[in-house]
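Residue numbers run from 1 in the order of the sequence given. Quantities reported herein were computed from a predicted structural model and do not represent experimental measurements.
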Amino acid sequence: MALVHIDISPLYFPYTCTLNEHGPELHKNTLTWMADHSMRLDAAQQREFENYHLTEGVGLFYPSLPAPQVQLAQDWTVAVVLFDALVLERPPVNQDLSLMAEVITKTLKKMQISQTLADDDHPLVKLLADVTRRVRADAPLHLGRWIDGHRAWWLGQLHQQGLALAGRRPSLDHYAHLRQLTIAGPPTVSAMEWIRGFDLSPLYAASPHLRALSEAAALLWGWDNDLFSYVRDYLTTDRQGEAAREVNLIDVIQHENGCTLAEAVEEAVRLRNRVMSLFERLSGIYLPTAPVDVQIHVSDLAESIRGNAEYYRTAGSRRYHTTTSAAPPHGSIAITSTITDIPPPGSREPVPLTSIAWWWQLLG
């Protein structure tokens, strides 16, 4: 019998989902790449890494890319997830902001300055430096914006950890902005450009529509993650009090509205469905006159939103369906969810949060 059950329904997706066919080949190449850069995991870390089932996640996130392009995407994703798991979310780092900041600062330096790596550099630094080398070779004009994306992501993580250590929860309005950062939205959106060989920097600077679409996609990645990871986050806490728990949309809603867990889950679904509807409608307004590169890029964003959620829903991603690697209580998690391609009632209403309300103003 499952230890905990949570029902998530209905999630609105106007897009379909497919799986990239190159997964087994990509996984084999990535394991070799990790070994070549001395990235060795102990037994517990290896189990956690396998529970992520990242090849399926990348294959769903980038369903239409050819193997050479998606290989770089997979290698970067593995480096990012390991960085997140082993640096950003592991003690003593989550109890020591100075250590976390030091690791981030040194990694950014290695990414920004092309230099020979030292033998004693952390393997994660070596992985990210190697991906940076490949990006520098393939898309040198795009490199600075991509590195800036990492800086924004890690700054958001530092802020979130600071809130947790202070025993504070962000407001729902602030969390709508913060979650775009902590899900690694800025570097991921940037990566989706150079993987395709695009440089959309001038268009991002000139088009609020394109910026809104990218931010909405990042927020959907983050809020869908929150829905499917809430129970695991709750059960795997180190039991050091509320401050030790991950910040999660459901927690933020409960804290702000003083409602029950069931009510918070329903409100979280309503909010994300409104953002999904906004993404669909804004795409329909903006894309007909947009350049071809932008049309492909926004199509990639749409595929990633659907594929990202499917990755969380599938049993293959055991990370979101088990707590066996965590402190007691152990056990499995039953997560049920429903997908609909029909806009649920109220999904066309704007989200009344200052940090993102301007997205709906673009609809006219």
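Using modelled atom types, no side-chain atom of Glu193 and backbone atom of Asp199 make a donor-acceptor pair closer than 3.5 Å. Gln69 places a side-chain N or O within donor-acceptor distance of the main-chain N or O of Ile195, the cut-off being under 3.5 Å. Checking side-chain atoms of Asn273 against main-chain N and O of Tyr12 turns up a donor-acceptor pair under 3.5 Å. In this structure a side-chain-to-backbone donor-acceptor pair under 3.5 Å is present from Arg281 to Arg348. A distance-only check finds no donor-acceptor pair linking the side chain of Ser190 to the backbone of Pro186 [under 3.5 Å]. Using modelled atom types, one side-chain atom of Gln45 and one backbone atom of Asp42 make a donor-acceptor pair closer than 3.5 Å.
The only member of Arg272, Arg306, Arg313 that meets salt bridge (charged side-chain N to carboxylate O under 4.0 Å, His left out) when paired with Asp224 is Arg272. Tested against Phe61, the residues Tyr311, Trp221, Trp76 include a single ring-ring contact (aromatic ring centres under 6.0 Å, His included) partner, Trp221.
Under a hydrophobic clustering in which Ile, Leu, Val, Met, Phe, Trp and Tyr are joined whenever their side-chain heavy atoms come within less than 4.5 Å, directly or via other members, Val292 and Leu200 fall into the same cluster. In the hydrophobic clustering of ILVMFWY residues, with side-chain heavy atoms under 4.5 Å counting as a link, Ile356 and Leu181 come out apart.
Asp226 and Tyr230 are not linked by any side-chain donor-acceptor pair at a separation below 3.5 angstrom, with hydrogens and angles left out of the test. Arg274 and Ser277 form no side-chain donor-acceptor contact under 3.5 Å, judged by distance and modelled atom types alone. Judged purely by distance below 3.5 Å, without hydrogens or angles, the side chains of Ser229 and Asn225 pair a donor atom with an acceptor atom. Neither side chain, Ser355 nor His174, offers a donor N or O lying under 3.5 Å from an acceptor on the other. Looking at Glu50 and Gln46, their side chains do bring a donor and an acceptor atom within 3.5 Å of each other.
Applying the salt bridge (charged side-chain N to carboxylate O under 4.0 Å, His left out) test to every pair with at least one member in residues 27-36, sequence neighbours left out, gives no pairs at all.
Between His159 and His177, the gap from one ring centroid to the other reaches at least 6.0 Å.
Heavy-atom minimum distance, Ser64 versus Asn20: N-ND2, 4.2 Å.
Looking at Asp148 and Arg151, a side-chain N of the basic residue comes within less than 4.0 Å of a carboxylate O on the acidic one, giving a salt bridge. A salt bridge is absent between Lys126 and Asp130; no separation between the charged side-chain nitrogens and carboxylate oxygens falls under 4.0 Å. Contact check on Arg270 versus Glu267 returns a salt bridge, with a Lys/Arg side-chain nitrogen under 4.0 Å from an Asp/Glu carboxylate oxygen.
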Please walk me through it: do Thr182 and Arg179 pass side chain to side chain donor-acceptor pair (under 3.5 Å)?
CA-CA 5 Å; Thr182 58; Arg179 194 62 177 116; 3.0 Å; yes
Can you list, pair by pair, the side-chain donor-acceptor contacts under 3.5 Å of residues 295-302, counting residues two or more places apart and other chains?
{"from": "Gln295", "atom 1": "NE2", "to": "Leu287", "atom 2": "O", "distance (Å)": "3.3"}
{"from": "Gln295", "atom 1": "NE2", "to": "Ala290", "atom 2": "O", "distance (Å)": "2.9"}
{"from": "His297", "atom 1": "NE2", "to": "Tyr204", "atom 2": "OH", "distance (Å)": "2.9"}
{"from": "Asp300", "atom 1": "OD1", "to": "Arg196", "atom 2": "NH2", "distance (Å)": "3.0"}
{"from": "Asp300", "atom 1": "OD2", "to": "Arg196", "atom 2": "NE", "distance (Å)": "2.8"}

